[in-house]
There are 2 protein chains.
Amino acid sequence: MTGGTAPHPTGDELLRILAALGNPHRLRIVATLAEGGRDYVSSLARRLGIGRPLLHMHLQRLEAAGLVTGSLEQAADGKAVKYVEVTPFAIGLTPEAVVRAAATITQEEKHMKESAK
Amino acid sequence: MTGGTAPHPTGDELLRILAALGNPHRLRIVATLAEGGRDYVSSLARRLGIGRPLLHMHLQRLEAAGLVTGSLEQAADGKAVKYVEVTPFAIGLTPEAVVRAAATITQEEKHMKESAK
DNA sequence: TTGAGGTGTCAGCTTTGGCTGACAGGCAGC
DNA sequence: GCTGCCTGTCAGCCAAAGCTGACACCTCAA
């Protein structure tokens, strides 16, 4: 197991990571998890002072970027609880790294509304 | 001479940097400038295949983040040309860095529509 | 004067993102 | 049973981002 995000991600991966971290709420989510360790969604929402649906959406983006990992577990009392924790990562952000990443950007088509029927 | 962005920016600075870089066009802009060196706006727009108004907007965000620097110069023939180049930067992106940055996030009020008259 | 090529900005559209309230289900314990 | 706390997702609203076409200005060269 790697246990961390590679220092030289592809262009799309880097874009997802940067976009995910470029948001006050999401940055604070990562910071909170990095400091206090793993926590479950409802508790985390309370700590951050935001609603659960909102947190849920942000967590989705962070998971999609590979920055956090969620695992649905059974608490001691049998309740289903989803714990989430940060995935270790180390990204070096320099112009050279940007050049390398930009070379592998996949320009996915806008929406191609019902083409190729 | 500073010549570069500090490796430990404030929370707001980091947010602006990440949000700026978390966009395909802007990432490619930085990459293109980092590779080919400085260039002027119209030329850059042609190289990237995007419109000048659009590029102008993206450059504003990149400048606001301190990632690129624009300078309006007089070309040899007297024409005013705006050259833009990348500002050297080196940001270490790790959970620890995020924790440090998140501590200094300035939560500016939404819009406070004419309150505190 | 006209044309080409540079600069910037504005109005207006479409799309995305952010956010909330409400709903539905599962599993304790009272 | 009911209550509480956890899970998820949905519809819908509103603000912000992204993008385009048109406009105005400047300077040089033909």
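First the proteins, then the strands, lettered A, B, ... as listed; each starts at 1. Both backbone and side-chain heavy atoms feed into the values below; hydrogens, waters and symmetry mates do not. A quick note: this is a predicted structure, and the numbers were derived from the prediction, not measured.
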From CA spacing to verdict: side chain to side chain contact (heavy atoms under 4.5 Å, CB included), B/Arg28, B/Thr32 = CA-CA 6 Å; B/Arg28 191 179 283 118; B/Thr32 304; 4.1 Å; yes
Other hydrophobic cluster members with A/Tyr83, side-chain heavy atoms of Ile/Leu/Val/Met/Phe/Trp/Tyr under 4.5 Å, chained?
-> A/Tyr40, A/Val81
B/Met57 CE - C/dG12 C1' separation (whole Å) = 14 Å
Given a cutoff of under 4.5 Å between side-chain heavy atoms of I, L, V, M, F, W and Y, with clusters grown through shared members, what are the other residues clustered with B/Leu72?
-> none
Taking OP1 and OP2 of C/dC19, is either one under 4.0 Å from a side-chain nitrogen or oxygen of A/His25?
-> yes
Assert: residue with more 5' nearest nucleotide on DNA chain C, out of A/Pro53 and A/Gln74, is A/Pro53
Measure the distance from CG on A/Leu15 to P on C/dG17 and round it to the nearest whole Å.
-> 13 Å
Taking only residues at least two apart or on different chains, which pairs with a member in residues 86-104 of chain A satisfy salt bridge (Lys or Arg N to Asp or Glu O under 4.0 Å)?
-> none
B/Arg26 CZ to D/dC19 P, in whole Å, measures 9 Å
In whole angstrom, what separates A/Glu73's CD from D/dG8's P?
-> 12 Å
Rounded distance (Å) that lies between atom C1' of D/dA15 and atom CG of A/Leu54 | 14 Å
Rounded interatomic separation in angstrom, taking CG from A/Leu27 and C1' from C/dG17 | 17 Å
Just jot down the ring pair (Phe, Tyr, Trp, His ring centres under 6.0 Å) partners of A/His25, sequence neighbours excluded, or say none.
-> A/His58
Do B/Thr87 and B/Thr69 have a side chain donor and acceptor closer than 3.5 Å?
-> yes
Whole angstrom value for the distance that separates P of C/dG6 from CG of B/Leu55 = 13 Å
Map B/Asp77 and B/Asn23 onto DNA chain D by nearest heavy atom, then report which one ends up closer to the 5' terminus.
-> B/Asn23
For residues 46-56 of chain A, which side-chain N or O atoms pair as donor and acceptor with protein atoms under 3.5 Å away, sequence neighbours left out?
residue, atom, partner, partner atom, Å
A/Arg47, NE, A/Asp39, OD2, 3.2
A/Arg47, NH2, A/Asp39, OD2, 3.2

CD1 of B/Ile50 versus C1' of D/dG18: gap in Å, rounded?
-> 11 Å
Nucleotide by nucleotide, 5' to 3', does protein get under 4.0 Å of the base (B), only the sugar-phosphate (S), or neither (-) in nucleotides 2-7 of chain D, counting heavy atoms?
-> --B-SB
